[in-house]
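Since we're looking at a predicted model, the values are computed, not measured.
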Amino acid sequence: MRFSGTEMVIHQEVAAEVVSVHEAISHLSALYPDFDRWYWGKVVPESAQGTRRIDTVTRDGRVVAVAISKKTDTERKLCTLWVKEEIKGGGHGVRLIRRACEWLGTDIPHATVPEEHIHELGPVLERLGWVETGRTVSVYRPGMTEYIFNRENGSQA
């Protein structure tokens, strides 16, 4: 399932899918305090405009993995990657990363990873050829580190 398009009107079916994705990943607000505002104010409308894309994996009608990407003239970014704990290790995250990279038109888009997930996600990204290009502290939460990958690819943190 993919959300992308050029119309500003989100049809009922797509609207239900957008809500299902939000329900699956709303817990990410613990890592990113403005997550809900970002999702509803940026991701959803920009997906309709074609500058963001949501890729998902579903099982039994439930969202179990999500990738959110952003493609503009100045930025190619994997914004969000989430895989439900019960299916981690099954290759779903890597498939979503590759699908996002295909849409973004680059094998090494910009991304940041919170310190809580760097040990599980960092090695995966490095195997895919991504390079840690920096670290920043207190961007989203006081005292917490975000690991920056592929910054030299024309993106910001």
Shared hydrophobic cluster, V19 / V63 (ILVMFWY, side-chain heavy atoms < 4.5 Å) = yes

Is any side-chain heavy atom of I108 closer than 4.5 Å to a side-chain heavy atom of V131?
-> no

L31 and V139: same hydrophobic cluster, using ILVMFWY side-chain contacts below 4.5 Å?
-> yes

Donor-acceptor contact present, side-chain N150 to main-chain P109, <3.5 Å | yes

Should the heavy atoms of other residues, nucleotides or ligands under 6.0 Å from NE2 of H119 be counted, would the total exceed 12?
-> no

With a 4.5 Å heavy-atom cut-off, do T56 and E17 have their side chains touching?
-> no

For R141, check side chain to side chain donor-acceptor pair (under 3.5 Å) against everything at least two apart and list the hits.
-> E116

Non-neighbouring partners of D107 that pass side chain to side chain donor-acceptor pair (under 3.5 Å), sequence neighbours left out = none

Are L81 and I87 linked, directly or through other ILVMFWY residues, by side chains that come within less than 4.5 angstrom of each other?
-> yes

Y39 and I54, any side-chain heavy atoms less than 4.5 Å apart | yes

In terms of heavy-atom contacts, does CD of E126 have more than 12 from other residues, nucleotides or ligands at under 6.0 Å?
-> yes

When rounded to the nearest 0.5 angstrom, what distance separates CD in E146 from CZ in R135?
-> 12.0 Å

Sorted by chain and number, sequence neighbours left out, salt bridge (charged side-chain N to carboxylate O under 4.0 Å, His left out) with E120 holds for K88

Does the S69 side chain pair with the main chain of L78, one donor and one acceptor, at a distance under 3.5 Å?
-> no

Got R52 and K42 here, is their nearest side-chain heavy-atom distance under 4.5 Å?
-> yes

Between OG1 on residue T72 and CD on residue Q49, distance to nearest 0.5 Å = 12.0 Å

Please answer whether the main-chain N or O of E75 pairs with a side-chain N or O of K70 as donor and acceptor at a distance below 3.5 Å.
-> no

OG1-CG distance between T80 and L96, expressed to the nearest 0.5 angstrom = 11.5 Å

Rounded distance (nearest 0.5 Å) linking atom CG of D55 with atom CZ of R95 = 13.0 Å

Could you check whether the rings of Y140 and Y32 sit parallel, tilted or perpendicular, using 30° and 60° as the cut-offs?
-> perpendicular

Any H92 side-chain heavy atom under 4.5 Å of R59 side chain = yes

Atom pair NZ/CZ of K77 and F149 - distance to nearest 0.5 Å = 13.0 Å

Min side-chain heavy-atom separation L128-R98 under 4.5 Å = yes

CD1 (I68) and CH2 (W38) are apart, to the nearest 0.5 Å, by 4.0 Å

Could you state whether W82 and W40 fall into the same hydrophobic cluster, counting links through intermediate Ile, Leu, Val, Met, Phe, Trp or Tyr residues with side-chain heavy atoms under 4.5 angstrom apart?
-> yes

